[in-house]
*Asks:* 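Sharing a structure, written as structure tokens. Questions coming.
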Amino acid sequence: MDASFLERDTVTVAKELLGCELVRQTEAGLIRVAITETEAYQGSDDPASHACRAVTPRNRLMFGEVGRLYVYLIYGMHLCINVVAHEPGGVGAVLLRAARPLEGLELIRDNRGGAPDRNLLNGPGKLAQGLGITRDLNGCDLLAEPPQGLALERGAPLAGPILVTRRIGITKAVDYPWRFVAE
DNA sequence: CCGGCGATCCTCT
DNA sequence: GAGGATCGCCGGC
């Protein structure tokens with residue numbers, strides 16, 4: 001994955017991240033997944049975004065260098081993971097909402113504590129848990145060589161169509177068609 | 001299969 | 001001091 005891929009309009013990047021792969025390397029082993037669901041969140045022009053107002057300690061990564069991982073805690077119990085992506089000088093990130101296991105299925109099952117296989121990675125909190133994401137990965141460089149725990153890679157081209165819908169679980173700007181789902 | 005609800009804690013106002 | 005880019009359990013149909 002090249003930084004220029006992420007240095008474009010956040011909505012375009014969200015759509016094109018479908019089929020791209022995440023590689024998680026830990027002491028326990030290697031996990032590889034293909035991204036199947038994303039949402040775009042922009043800056044001051046997106047009322048649903050964490051970055052719709054001033055820079056704060058939490059949202060600061062969304063204003064910075066593309067290719068960083070933005071990790072945050074939601075509802076007091078789940079982590080969500082985002083890829084910082086925006087035009088040069090812009091603001092934004094792509095929420096990764098679901099993925100399909102490619103390698104390390106046993107590790108994913110362990111991380112998910114016995115959830116049925118069809119519920120392993122089908123939601124943002126489940127994806128983060130399945131990959132074994134922790135808050136110390138906040139700000140990690142997904143494009144680093146060599147990889148630093150989590151890496152983003154180009155995957156095989158998508159086979160099927162892309163479903164475009166409203167974003168899930170928000171109460172502002174509910175009609176923006178910025179959610180992308182692949183099978 | 002579907003809708004409702006509680007858990008749980010960090011962040012910003 | 002409120003509310004959130006969620007999840008899984010429960011009960012009802």
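A note on names: the letters A, B, ... follow the listed sequences, proteins ahead of strands, and every chain is numbered from 1.
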*Asks:* Any base atoms under 4.0 Å from A/Asn119, or only sugar-phosphate, or nothing? Heavy atoms, all strands.
*Replies:* nothing

*Asks:* Is the shortest side-chain N/O distance from A/Arg60 to OP1 or OP2 of B/dC12 below 4.0 Å?
*Replies:* no

*Asks:* Within this structure, what is the CD-to-P distance between A/Glu39 and C/dG4, rounded to whole angstrom?
*Replies:* 15 Å

*Asks:* Let's see if you can work this out: which of C/dG8, C/dA5, B/dT11 has an atom nearest to the side-chain heavy atoms of A/Thr56?
*Replies:* B/dT11

*Asks:* Using heavy atoms to find the nearest nucleotide of DNA chain C for A/Gly76 and A/Gly125 separately, return the residue whose nucleotide is more 5′.
*Replies:* A/Gly76

*Asks:* Taking the six-membered ring for Trp and the single ring otherwise, decide whether the centroids of A/His50 and A/Tyr72 are under 6.0 Å apart.
*Replies:* yes

*Asks:* Under the criterion salt bridge (Lys or Arg N to Asp or Glu O under 4.0 Å), I'd like the reasoning laid out for A/Arg32 against A/Glu21: C-alpha separation, chi angles, the key distance, then a yes or no.
*Replies:* CA-CA 7 Å; A/Arg32 178 184 296 269; A/Glu21 298 177 6; 2.7 Å; yes

*Asks:* Could you check how far CG of A/Leu79 sits from C1' of B/dA7, rounded to whole Å?
*Replies:* 15 Å

*Asks:* Specify the separation, in whole Å, of atom CE of A/Met77 and atom C1' of B/dC5.
*Replies:* 12 Å

*Asks:* Of the nucleotides B/dC10, C/dA5, C/dC7, which one has an atom closest to the side chain of A/Ile74?
*Replies:* C/dA5

*Asks:* When only distance counts, do a donor and an acceptor, one from the side chain of A/Tyr75 and one from the base of B/dA7, lie under 3.5 Å apart?
*Replies:* no

*Asks:* Without decimals, in angstroms, what is the distance between A/Ile133 CD1 and C/dT6 P?
*Replies:* 17 Å

*Asks:* Are A/Glu37 and A/Arg179 within salt-bridge range, i.e. N to O under 4.0 Å?
*Replies:* yes

*Asks:* Picking from C/dG4, C/dC7, B/dC12, which would you name as closest to the side chain of A/His78?
*Replies:* C/dC7

*Asks:* Taking atom P of C/dG8 as reference, at what distance in whole Å does atom NZ of A/Lys126 sit?
*Replies:* 5 Å

*Asks:* Please round to the nearest 0.5 Å and tell me the distance separating atom CG of A/Leu152 and atom CG of A/Leu69.
*Replies:* 9.5 Å

*Asks:* By the 4.0 Å heavy-atom rule, please label A/Leu95 as base, sugar-phosphate, or nothing.
*Replies:* base

*Asks:* Can you tell me if A/Arg100 has over 12 outside heavy atoms packed within less than 6.0 Å of its CZ?
*Replies:* no

*Asks:* Ion pair present between A/Arg109 and A/Asp117, side-chain N to carboxylate O less than 4.0 angstrom?
*Replies:* yes

*Asks:* Can a side chain N or O of A/Arg179 be found less than 4.0 Å away from OP1 or OP2 on C/dA5?
*Replies:* no

*Asks:* Write down the distance between OH (A/Tyr41) and C1' (C/dG4), rounded to a whole number of angstrom.
*Replies:* 11 Å

*Asks:* Between N or O atoms, less than 3.5 Å apart, protein on one side and nucleotides 9-11 of chain C on the other: list the pairs.
*Replies:*
none

*Asks:* Assign A/Arg166 to base, sugar-phosphate, or nothing according to its heavy-atom contacts below 4.0 angstrom with the strands shown.
*Replies:* nothing

*Asks:* Could you tell me the separation between the CZ atom of A/Arg167 and the C1' atom of C/dT6, rounded to a whole number of Å?
*Replies:* 16 Å

*Asks:* Return the value, rounded to whole Å, for the distance between atom CG of A/Leu127 and atom P of C/dT6.
*Replies:* 13 Å

*Asks:* Could you give the distance from CZ (A/Arg68) to CG (A/Leu6), rounded to the nearest 0.5 Å?
*Replies:* 12.0 Å

*Asks:* Using the rule that two of Ile, Leu, Val, Met, Phe, Trp, Tyr join whenever any of their side-chain heavy atoms come within less than 4.5 Å, decide whether A/Met1 and A/Leu150 are in one cluster.
*Replies:* yes

*Asks:* Would one find a side-chain N or O of A/Lys172 under 4.0 angstrom from OP1 or OP2 of C/dG4?
*Replies:* no

*Asks:* Does a nitrogen or oxygen in the side chain of A/Arg53 sit under 4.0 Å from OP1 or OP2 of B/dT13?
*Replies:* yes

*Asks:* When you measure from the side chain of A/Arg112, which nucleotide among C/dC7, C/dG8, C/dA5 comes out closest?
*Replies:* C/dG8

*Asks:* At 4.0 Å (heavy atoms only), tell me whether A/Arg58 reaches a base, stays on the sugar-phosphate, or touches nothing.
*Replies:* sugar-phosphate

